[in-house]
Amino acid sequence: MKLKFSDKHCPENDKFVFEQLKAHNSNIIERDLEPVSFYFKDENEKIIAGLTGKTQWGGLLIEILWVHEDYRSQSLGAKLLDKAERIAIERQCQNIVVETMGFQAKDFYLKQGFEVFGTVENSEPRLNCYYLKKKLNH
């Protein structure tokens, strides 16, 4: 058998590899993926803040939490997290997990009751990657 190596990015190949991993995981544990998405919009229906993620395997993974800079310091991020927490509890999740960079929102998450459980350090601290979790009480 002759193997070929490819280092060219190809979305179709990425999708194939992802689908294979999903199939493998589904043979081991039931996949209970449910999306989480909600937004704040202004009077013109323009999104000014949003949170996206998914609940799966007993936890909520926040993929994106963003607030437009003109609307920061108005508690929109906290309100989005509060809604996410309520959804996670309804879906019987045990925790919420999020990843953030040193220049992003680590302190914000800490104020919201999250704790750092992992750090990937970089030579420049603002590029450190932080993994945070919040244990949910039912």
Side-chain angles (χ1 to χ4, degrees):
M1 175 191 305
K2 186 174 180 180
L3 301 177
K4 288 176 65 177
F5 177 79
S6 173
D7 62 356
K8 293 185 176 146
H9 179 256
C10 175
E12 294 82 22
N13 290 348
D14 291 354
K15 183 177 179 183
F16 174 80
V17 171
F18 178 70
E19 292 300 325
Q20 296 306 303
L21 179 62
K22 264 189 351 188
H24 170 75
N25 291 347
S26 294
N27 289 332
I28 297 168
I29 188 168
E30 182 181 329
R31 186 169 166 86
D32 59 350
L33 174 75
E34 286 189 60
V36 173
S37 302
F38 37 89
Y39 317 93
F40 281 107
K41 296 180 179 182
D42 67 11
E43 64 277 354
N44 298 314
E45 292 296 308
K46 182 178 174 186
I47 295 173
I48 58 166
L51 183 147
T52 66
K54 59 187 170 190
T55 57
Q56 183 177 7
W57 298 326
L60 166 61
L61 172 63
I62 295 174
E63 294 170 331
I64 298 172
L65 191 158
W66 169 79
V67 178
H68 188 283
E69 63 185 64
D70 291 345
Y71 294 89
R72 292 182 185 158
S73 299
Q74 296 184 27
S75 299
L76 296 181
K79 290 175 184 174
L80 290 168
L81 275 180
D82 183 58
K83 176 69 173 170
E85 185 171 333
R86 283 185 273 131
I87 288 172
I89 290 170
E90 286 172 16
R91 296 183 187 178
Q92 303 196 351
C93 293
Q94 303 302 305
N95 54 61
I96 302 173
V97 175
V98 66
E99 170 189 343
T100 192
M101 301 292 290
F103 66 90
Q104 292 177 321
K106 182 182 99 175
D107 291 339
F108 165 75
Y109 289 111
L110 292 172
K111 287 178 188 173
Q112 302 304 315
F114 284 73
E115 62 184 59
V116 175
F117 70 89
T119 304
V120 178
E121 294 181 353
N122 194 298
S123 60
E124 189 175 340
R126 69 186 190 102
L127 299 179
N128 288 351
C129 182
Y130 298 96
Y131 297 90
L132 298 102
K133 69 177 178 178
K134 183 173 185 179
K135 189 167 175 67
L136 300 176
N137 298 319
H138 295 271

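Numbering starts at 1 and runs along the sequence shown. Please read all numbers here as calculations on a predicted model, not as lab measurements.
The closest donor-acceptor contact from the side chain of Asn44 to the backbone of Lys46 lies at 3.5 Å or more, if one exists at all. A donor-acceptor distance shorter than 3.5 angstrom exists from the side chain of Lys134 to the backbone of Gln112, with no hydrogens or angles considered. At distances below 3.5 Å, not a single donor-acceptor pair connects side-chain atoms of Ser37 with backbone N or O atoms of Thr52.
When all heavy atoms of Leu136 and Ala88 are compared, the pair lying nearest together is CD1-CB, 3.6 Å. Shortest non-hydrogen contact noted between Leu60 and Cys93 is N-SG, 3.9 Å. A pairwise comparison of heavy atoms in Leu51 and Ala84 identifies CD1-CB, 4.0 Å as the closest pair.
Annotation for Glu63: atom CD counts as buried by contact number, over 12 foreign heavy atoms lying within 6.0 Å. With a 6.0 Å radius and a threshold of 12 heavy atoms from other residues, nucleotides or ligands, Leu21 has its CG atom above the threshold. Counting heavy-atom neighbours within 6.0 Å of Phe117 CZ, excluding the residue itself, gives a total above 12.
For the 3.5 Å distance criterion, the side chains of Asn128 and Tyr130 qualify, holding a donor opposite an acceptor. With no hydrogens or angles considered, no side-chain donor-acceptor pair links His68 and Asp42 at under 3.5 Å.
Considering only heavy atoms from C-beta on, Phe114 comes within 4.5 Å of Leu81 through its side chain. Taking the side chain as every heavy atom from C-beta outward, Lys54 and Ile62 never approach each other to under 4.5 Å. When side chains are defined from C-beta on, Val116 does not count as touching Tyr109, because their heavy atoms never get closer than 4.5 Å. In this structure, the side chains of Leu132 and Ile96 stay at 4.5 Å or more apart for every pair of heavy atoms. Using a 4.5 Å cut-off on side-chain heavy atoms (C-beta onward), Thr119 and Tyr131 make no contact. Counting only heavy atoms from C-beta outward, the side chains of Val97 and Asn95 approach each other to under 4.5 Å. Inter-residue side-chain proximity for Ile87 and Phe38 is flagged as met; some heavy-atom pair is nearer than 4.5 Å. Lys79 has its side chain within reach of Phe40: a pair of non-hydrogen atoms, C-beta onward, lies under 4.5 Å apart.
Follow the hydrophobic side-chain contacts under 4.5 Å out from Leu80 and you never reach Tyr39; the two are in separate clusters. No continuous path of ILVMFWY side-chain contacts below 4.5 Å connects Met101 to Leu110, so the two sit in separate hydrophobic clusters. A single hydrophobic cluster is not seen to contain both Leu61 and Val36; linkage of ILVMFWY side chains at heavy-atom distances under 4.5 Å, directly or through other members, places them apart.
Each of Gln92, Glu34, Glu90, Arg91 was evaluated against Thr55; a single residue qualifies, Arg91, per the side chain to side chain donor-acceptor pair (under 3.5 Å) test.
The line from NZ of Lys106 to SG of Cys129 is 11.5 Å long, rounded to the nearest 0.5 Å. Note: Ile47 CD1 to Trp66 CH2 = 7.5 Å, rounded to the nearest 0.5 Å. To the nearest 0.5 angstrom, Lys133 atom NZ is 7.5 Å from Lys135 atom NZ. Here the straight-line distance linking atom CD of Glu124 with atom CZ of Phe103 works out to 10.0 Å at 0.5 Å rounding.
Electrostatic pairing of Glu19 and Lys22 counts as a salt bridge here, judged by a charged N lying under 4.0 Å from a carboxylate O. Of the charged side-chain nitrogens involved, none lies within less than 4.0 Å of a carboxylate oxygen, so that Lys111 and Asp107 do not count as a salt-bridged pair.
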